[in-house]
Amino acid sequence: MQKMFMSVPPRYDLLNRILTLRFDERWRKKATRQLLDNRPKRLLDLCTGTGDLALRLRKNAPVETEVYALDFSQPMLEIAREKAARRNISGVDFRFGDAADMPYEDGFFDGLGIAYAFRNRTYKDPDAHKFFAEIRRVLRKGGQFVAVETSQPDNPLIRKLYHAQMRYITAPVGGLLTGEKEAYKYLAYSASDFYTPEEMKKILLTAGFAKVDYQQLLGGVAVLWTCTK
Ligand SMILES: C[S@@+](CC[C@H](N)C(=O)[O-])C[C@H]1O[C@@H](n2cnc3c(N)ncnc32)[C@H](O)[C@@H]1O
């Protein structure tokens, strides 16, 4: 899995915007609003990648809110830091580290967000339980866990169209434009086979989260998750 993120295709961000018709950004905005809702002192963007959620949090949070970002791909982190410098956004603590073994004290964060990496960490991942345990460890009691991720639409027709779009557009176009055929095949396959919202709700409750809530986005192709420790 880590190998898959060791190189970042040129124009990676642009490609994501095109393949999602910019919905990725709209949904990060929603996740940001949710995370800022209960006036957090410290926030983490977990699996930050090229830093989009972290930068959005930094821009929208009050100055006294501390924003941290973690990823286990140095190339992704380099792009995130360059992007922050280019946009003149300072004050995000970008760090290298594994989501299953985070370099933060127990109860350090009031809120933790993850965008489009939740599937990677939970889909057929034998270490998924470690991932959830770590999230709970670094969150304070009452802290918020917010995730935005692809999901399964309830409507069978929308679901079929969504799977077809993944298979016949996202996988070949992404593979062709980046040369990373396997990575985009994995994206299409795992997204089409991923949990339904109700299945994921059970997983989150079993992992020990409370007040597990979800909002389906664009007919259910994605979901915004909100849980409390
Ligand atoms: C699809 S990208 C999503 C990036 C970003 N969150 C966004 O909104 O675009 C997935 C990111 O998760 C990171 N990642 C996956 N597993 C990880 C782990 N166990 N620990 C830290 N980072 C991880 C990858 O390196 C990659 O940067």
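Both ligands and their constituent atoms are indexed starting at 1 by order of listing. The chain is numbered in sequence order, starting from 1. For clarity, every value in this text was computed on a predicted model and none was experimentally measured.
The distance from ligand 1 to the heavy atoms of Asn120 drops below 4.0 Å at these ligand atoms: 10 (C). Close approach of ligand 1 to Ser73 is summarised as follows: ligand atoms under 4.0 Å from at least one heavy atom of the residue are 25 (O). Applying the 4.0 Å criterion to heavy atoms of Asp98 picks out, from ligand 1, the atoms 18 (C), 19 (N), 20 (N). In summary, the atoms of ligand 1 found under 4.0 Å from a heavy atom of Ala117, numbered by their order in the structure, are 10 (C), 12 (O). Using a 4.0 Å cut-off to heavy atoms of Gly49, the atoms of ligand 1 that qualify are 4 (C), 27 (O). Within the listing of ligand 1, atoms 1 (C), 3 (C), 8 (O) sit less than 4.0 angstrom from a heavy atom of Tyr116.
A distance-only check finds no donor-acceptor pair linking the side chain of Arg137 to the backbone of Phe132 [under 3.5 Å].
Ring to ring, Phe145 and Phe209 are close: their centroids are under 6.0 angstrom apart. Side-chain rings of Tyr123 and Phe118 stay apart, their centers remaining 6.0 Å or farther from each other.
Backbone and side-chain nitrogen or oxygen atoms of Ala99 are examined, and one is located within less than 3.5 angstrom of a nitrogen or oxygen of ligand 1. Residue Met76 places no N or O, backbone or side chain, under 3.5 Å from any N or O of ligand 1. Considering both main-chain and side-chain atoms, Ala100 never comes within under 3.5 Å of ligand 1 through any nitrogen or oxygen pair. Ligand 1 has a nitrogen or oxygen under 3.5 angstrom from a nitrogen or oxygen of Phe72. Looking at Asp71 next to ligand 1, an N or O pair under 3.5 Å apart turns up.
Phe94 and Gly51 get closest at one heavy-atom pair: CE2-CA, 4.2 Å.
Residues satisfying the salt bridge (Lys or Arg N to Asp or Glu O under 4.0 Å) test with Arg159, not counting sequence neighbours, are none. Tyr189 is linked by a ring-ring contact (aromatic ring centres under 6.0 Å, His included) to nothing, counting only residues two or more places apart in sequence or in another chain.
One finds a salt bridge joining Arg17 and Asp52 here, because a Lys/Arg side-chain nitrogen approaches an Asp/Glu carboxylate oxygen to under 4.0 Å.
Ligand 1 lies within reach of Tyr12, whose nearest heavy atom is under 4.0 Å from it. Heavy atoms of Thr48 come nearer than 4.0 angstrom to ligand 1 in at least one pair. For the ligand labelled ligand 1, residue Gly97 lies inside the 4.0 Å heavy-atom shell.
Tested against Asp110, the residues Lys41, Arg39, Arg140 include a single side-chain hydrogen bond (donor to acceptor under 3.5 Å, both in side chains) partner, Arg140.
For atom 7 (C) of ligand 1, the choice among Arg28, Arg56, Arg121, Arg119 with the nearest heavy atom turns out to be Arg28.
Surrounding NZ of Lys83 are more than 12 heavy atoms belonging to other residues, nucleotides or ligands, all under 6.0 Å away.
By the 6.0 Å and 45° rule, Arg42 does not stack over the aromatic ring of Tyr68.
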